[in-house]
2 protein chains.
Amino acid sequence: MEKQTITIYDVAREANVSMATVSRVVNGNPNVKPTTRKKVLEVIDRLDYRPNAVARGLASKKTTTVGVIVPDVTNLFFASLARGIDDIATMYKYNIILANSDQNESKEIQVLNTLLAKQVDGIIYMGNKITDELRAEFSRSKTPVVLAGTVDPDQQVGSVNIDYIAATETIISKLIENNNKKIAFISTALANPINGQYRLKGYKNALLSAGIPFDESLVFETAATVAAGEELAQEMIEKDVKGAYVSDDELAIGLLNGMINAGVNVPEDFEIFTSNNSKITEMARPQLSSIMLPLYDIGAVAMRLLTKIMNKEEIDEKTITLPYKIAYRGTTTKED
Amino acid sequence: MEKQTITIYDVAREANVSMATVSRVVNGNPNVKPTTRKKVLEVIDRLDYRPNAVARGLASKKTTTVGVIVPDVTNLFFASLARGIDDIATMYKYNIILANSDQNESKEIQVLNTLLAKQVDGIIYMGNKITDELRAEFSRSKTPVVLAGTVDPDQQVGSVNIDYIAATETIISKLIENNNKKIAFISTALANPINGQYRLKGYKNALLSAGIPFDESLVFETAATVAAGEELAQEMIEKDVKGAYVSDDELAIGLLNGMINAGVNVPEDFEIFTSNNSKITEMARPQLSSIMLPLYDIGAVAMRLLTKIMNKEEIDEKTITLPYKIAYRGTTTKED
DNA sequence: ATGAAAGCGCTAACAT
DNA sequence: ATGTTAGCGCTTTCAT
């Protein structure tokens, strides 16, 4: 015998009221006489009634769930953003459907489509580049989208980031000042505008200010893994590079460990600045100096922005730039 | 003018067929003549029709989404499990609603309830202890539940784990053999049966085999953080402890760094074994020796098990024990 | 303050 | 192979 599900209709019958009244009670509508409210609540409790969110979603056209597209939760960078997102989502009574995209374009499109099919009220996207196809899908539905730690050069959708150009310029200048003229720019996906445009721009700006010519051969593109970083160490030594800016923390740890294994003294003979200040930066020995990206906050603010858009509130500015700091730790010499 | 949503009815009208036929085409039902299928698909494409998963969920009583309750995605241990879960979920056309519980009982209960309200087809739970209240909620609905990296001593729900007792016993024996008799057992939440019952049991077993009396004062309970580990270092030195088994990787890195900062040689004068083999174990210097918990696989197998249960397939054994290995790395002396 | 009734967009018998 | 028809459990006018 299947366990019968209790519906709003059952409650209405037992409480001698209409479905509408039960609905009002459940949704906290004030237009209910206290005595009836009490009676209804009593029946709800007695029958152990639980509103069916799917039915509610169909009727109200709101699911109170948002889709979160993330390259890989296993990367602390994204996990931290996701945590910020979920906390704020919970605060505003939303749930998140988390989907890993592996930065894979077709997977992103597919994920986006199932998210839209599931009628999410909004989407938070993290990734590399907003391809044209992706943008087309975004605008095909009117579901609001916010980018977290991801930029859209065209600023068509909301986004939350820091000023990557300024941050990078600052630390590269610091590196030059501490150190010498040969600084590597080590990045994951240069196709990502954050890396290939903004950070690289900051790097070039700093060189320019110091009167150092830009050397293409000091720009490296590789994977966001420890192994990739270790592999790069030898090349640093061969090219007699004295310092490096790295766009990913795992990659930075790999490079750090690779240099140390090769007998190089860090930071005396080689300085490293990394970008995300995820918690692994403090696990490294020496601890990694880093741009202090407010990871959790980027996620949290992105979700907050999304709630406003979903709620059709007035938005002052949909392109949000958060402040950042610099952590001078063990992989750079002078503090400031 | 609101953009009108295209429904199955619109497609039916345009294609001169019934809704049922459109539904059949959309759901890949073979009972459709190829020519009509083609015609319907053409209209679907032309109108840019997207099936509404919420309506489908209400009608079919299946949402193809599963709830995942996790203490904190920001912990690599859980992030790795979550990744395994999501990959298999995607493979079987499910999406996951990810909810952080912070190991907080009331939050767990609340999250579980909203997940059930959203009519998830199944739930994967990760956490500490299955409290009675939680178990009551689990059985209150017939929604299938599988535990990933979490044990239920009563084995009432499905679960995927390794043999924690044997794994711990093995490495403690190794530590004793390498080293000496004073081995600390450092754990997060002893209330978690994995720590307080199984791992501690393995620890005691190993001591017993070696004829070493169990010393309560060598059992430490603390938080799963780097800071907590660093704080513990001094105590290790004062008590003249020569080795430690640690239940969490972040905690282990903290301890490792703390010992090194105190001038202790690792592994020569102090050996460390940690438990989860998350990727940070390879970022540490020296790299952490560890039980090789198949994190991704635990998540993947848990999700696979859940799909079987949701699909009412025959299950051989709902309490699954996966194999594990031991990684002998830099924080222990002899290899084996 | 409460009720009646019409959907929301789809699936799933059941007919034909 | 295709169509008809009830729902699924709820929200939301519109009355009263």
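Please read these numbers as outputs of a predicted model, since none were measured by experiment. Values reported hereafter were calculated over all heavy atoms of this structure, with side chains retained and with hydrogens, waters and symmetry mates removed.
Salt-bridge check for Asp10(A) with Arg13(A): passed, with a basic side-chain N closer than 4.0 Å to an acidic carboxylate O.
Note on Thr21(B): a side-chain N or O is less than 4.0 Å away from OP1 or OP2 of dG3(D).
Atom C1' of nucleotide dT12(D) and atom CG of Asn31(A) are separated by 14 Å, given to the nearest angstrom.
Atom CZ of residue Arg140(B) and atom CG of residue Leu116(B) lie 8.5 Å apart, to the nearest 0.5 angstrom.
Using a 4.0 Å heavy-atom criterion, one finds that Asn16(B) contacts the sugar-phosphate atoms exclusively.
Scanning all heavy atoms of the two residues, the minimum distance from Ile85(B) to Met303(B) falls at O-CG, 3.5 Å. Nearest heavy atoms, Glu108(A) versus Leu134(A): OE1-CD2, 3.7 Å.
Evaluated for a side chain to side chain contact (heavy atoms under 4.5 Å, CB included) with Val160(B), the options Ile124(B), Ile320(B), Thr321(B), Thr150(B) yield exactly one hit, Ile320(B).
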Classify every nucleotide of nucleotides 9-16 of chain C by which part a protein heavy atom approaches to under 4.0 Å, writing B for the base, S for the sugar-phosphate alone and - for neither, in 5'-to-3' order.
-> BBBB----

